[in-house]
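Reviewing the structure listed below.
Order of appearance sets the numbers: ligands from 1, and atoms from 1 within every ligand. Both backbone and side-chain heavy atoms feed into the values below; hydrogens, waters and symmetry mates do not.
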Amino acid sequence: PAYKHILIEKKGEVGNVGLITLNRPKALNALCDALMQEVQQALEDFDSDPSIGAIVLTGSEKAFAAGADIKDMQNKGFIDCFGGNFLSTSWDSVSKVKKPTIAAVNGYALGGGCEVAMMCDIILAGEKAKFGQPEIIIGTIPGAGGTQRLVKAIGKSRAMQMCLTGDMITAQQANAWGLVSSVHPPDQLLDEAIRLGEKISQHSKVIVAMCKESVNNSFELPLSEGLHFEKRLFHCTFATKDRREGMTAFVEKRKPNFTDS
Ligand code: HXC
């Protein structure tokens, strides 16, 4: 499909990493409805493309995304939001992808931008990245996980402080607090994210999806249920050819040849 606000590419040596670049530079990648609908479509396409093993989401050097589109929201009323289920379906789709998603954040990840990054499975940051939940400054609150996922990522005191002050944190702080996995020079960040995507893509796609689902369940389930679910999925891996291939390859001292089956 022809997109207006995003760019789509296949990256990596064998083209197995899907790349989505938010591309609305004049608005610092503010996440208007049309942009998020395009992101949803691109994610669904990569998710169902058998050649893709991981998906990278990025923005520009200046901004990953400066939030939901404030100009779109300015004149909305409660009924518009509630009735239209504002910021729901397309936003939620980011966390529903089965394949691993990696956010490569250079520049601002604010409000909805920080929330979309947190919907991804892994966040890598450029040295100049800034994260924040500034909604409070414009008279609202985070609406797509900023009061929930952020707490789980960095703990209550730090999340509370960020949400209540609206202050931004640096990439270095985000790294120290565990919001991101690592920090890189801005011009190397995207390559680093793609390399990570390639590494994940070497593994069996079906097993990778099970692993992702199980880790994500740790956020939803009490420990005993989460452990039970994990055990059952572990058992399920024994229903695949790739589990047998992986262990046989180890025993035969060779590389596995996964068939995603
Ligand atoms: C619409 C935005 C925008 C946004 C920036 N722009 N952020 N437009 N929605 N969230 C536009 C500006 O209006 C401006 O357009 C252009 O992008 C460049 O921005 P400047 O402010 O001139 O750039 P700069 O001075 O470098 O400042 C960068 C900035 C600042 C610090 C990131 O733009 C800023 O504070 N933005 C808002 C951040 C924010 O509050 N985000 C949370 C939104 S609420 P013009 O046309 O004037 O040149 C949210 C709710 C989440 O996300 C709910 C989730 C479901």
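With a 4.0 Å cut-off on non-hydrogen atoms, Ile138 touches ligand 1 through its side chain and not its backbone. When heavy-atom distances to ligand 1 are checked against a 4.0 Å cut-off, Leu87 comes that close only through its side chain, counted from C-beta outward.
At a threshold of 4.0 Å, the pair Glu44-Lys98 does not count as salt-bridged, since none of the basic side-chain nitrogens sits closer than that to a carboxylate oxygen.
For atom 40 (O) of ligand 1, the closest heavy atom belonging to the protein is Pro134 CG, 3.6 Å. For atom 53 (C) of ligand 1, the closest non-hydrogen atom of the protein is Gly143 N, 3.6 Å. Protein heavy atom closest to atom 19 (O) of ligand 1, with residue, atom name and distance, is Leu28 CD1, 3.6 Å. Protein heavy atom nearest atom 48 (O) of ligand 1, with residue, atom name and distance: Lys26 O, 4.7 Å.
Considering backbone and side-chain atoms alike, Ala66 places an N or O below 3.5 Å from some N or O of ligand 1. Residue Met73 places no N or O, backbone or side chain, under 3.5 Å from any N or O of ligand 1. Residue Trp91 has no nitrogen or oxygen atom sitting less than 3.5 Å from a nitrogen or oxygen atom of ligand 1, judged on distance alone. Some N or O of Ile70 is nearer than 3.5 Å to an N or O of ligand 1, by distance alone. When only interatomic distances are considered, the shortest N/O to N/O separation between Leu110 and ligand 1 does not fall below 3.5 Å.
Interface atoms of ligand 1 facing Glu135, defined by a heavy-atom separation under 4.0 Å, are 44 (S), 49 (C), 50 (C), 51 (C), 52 (O). Within ligand 1, the atoms closer than 4.0 Å to a non-hydrogen atom of Gly111 are 42 (C), 52 (O), numbered from 1 in the order shown. Every atom of ligand 1 is numbered from 1 in the order shown, and the set under 4.0 Å from a heavy atom of Lys71 is 13 (O), 15 (O), 45 (P), 46 (O), 47 (O). Residue Gly112 has at least one heavy-atom neighbour below 4.0 Å for each of these atoms of ligand 1: 49 (C), 51 (C), 52 (O). Close contacts between ligand 1 and Ala144 involve ligand atoms 54 (C), 55 (C) [criterion: under 4.0 Å to a heavy atom]. Of all the atoms in ligand 1, the ones that sit under 4.0 Å from a non-hydrogen atom of Gly67 are 52 (O). Residue-ligand proximity, Glu115 to ligand 1, at heavy-atom distances under 4.0 Å covers atoms 51 (C), 53 (C), 54 (C). Listed by atom number, the atoms of ligand 1 under 4.0 Å from Ala30 heavy atoms are 1 (C), 4 (C), 9 (N).
Rounded to the nearest 0.5 Å, atoms CG (Leu110) and CG (Asn29) are 11.5 Å apart. How far CG of Leu179 is from CE of Met118: 6.5 Å, rounded to the nearest 0.5 Å.
Among Ile169, Asp167, Thr147, the one residue that satisfies the side chain to side chain contact (heavy atoms under 4.5 Å, CB included) test with Met162 is Ile169.
Close placement of the Phe238 and Phe234 rings is indicated, their centers lying within 6.0 Å of each other.
Assignment of Ala27 to the shell around ligand 1 is supported, since a heavy atom sits closer than 4.0 Å. For the ligand labelled ligand 1, residue Lys62 lies inside the 4.0 Å heavy-atom shell.
Between the side chains of Glu213 and Asn217, no donor-acceptor pair of N or O atoms lies under 3.5 Å. In this structure, a donor-acceptor pair under 3.5 Å is absent between the side chains of Asp242 and Thr240. For the residue pair Asn16/Ser51, the side-chain donor-acceptor check at 3.5 Å is not satisfied.
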- Task: Go through the steps to decide whether Ser182 and His184 satisfy the test side chain to side chain donor-acceptor pair (under 3.5 Å), and finish with yes or no.
- Result: CA-CA 7 Å; Ser182 52; His184 306 272; 2.8 Å; yes

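Hydrophobic clustering (side-chain heavy atoms under 4.5 Å, transitive across Ile, Leu, Val, Met, Phe, Trp, Tyr) groups Val94 together with Leu31. Linking Ile, Leu, Val, Met, Phe, Trp and Tyr residues whenever their side-chain heavy atoms come within less than 4.5 Å places Tyr3 and Val97 in a single cluster. Hydrophobic clustering of Ile, Leu, Val, Met, Phe, Trp and Tyr side chains at less than 4.5 Å, counting indirect connections, unites Leu35 with Met119.
Using a 4.0 Å threshold on non-hydrogen atoms, atom 35 (O) of ligand 1 does not count as touching the protein. Within the 4.0 Å cut-off (strictly below), no protein heavy atom is located near atom 30 (C) of ligand 1. Protein heavy atoms all stay at least 4.0 Å away from atom 25 (O) of ligand 1. There is a protein heavy atom closer than 4.0 angstrom to atom 7 (N) of ligand 1.
At distances below 3.5 Å, not a single donor-acceptor pair connects side-chain atoms of Ser214 with backbone N or O atoms of Met210.
Counting heavy atoms of neighbouring residues, nucleotides and ligands inside a 6.0 Å radius, atom NZ of Lys231 does not exceed 12 of them.
A cation-pi arrangement is absent between Lys99 and Phe46 under the rule of less than 6.0 angstrom and at most 45 degrees off the ring axis.
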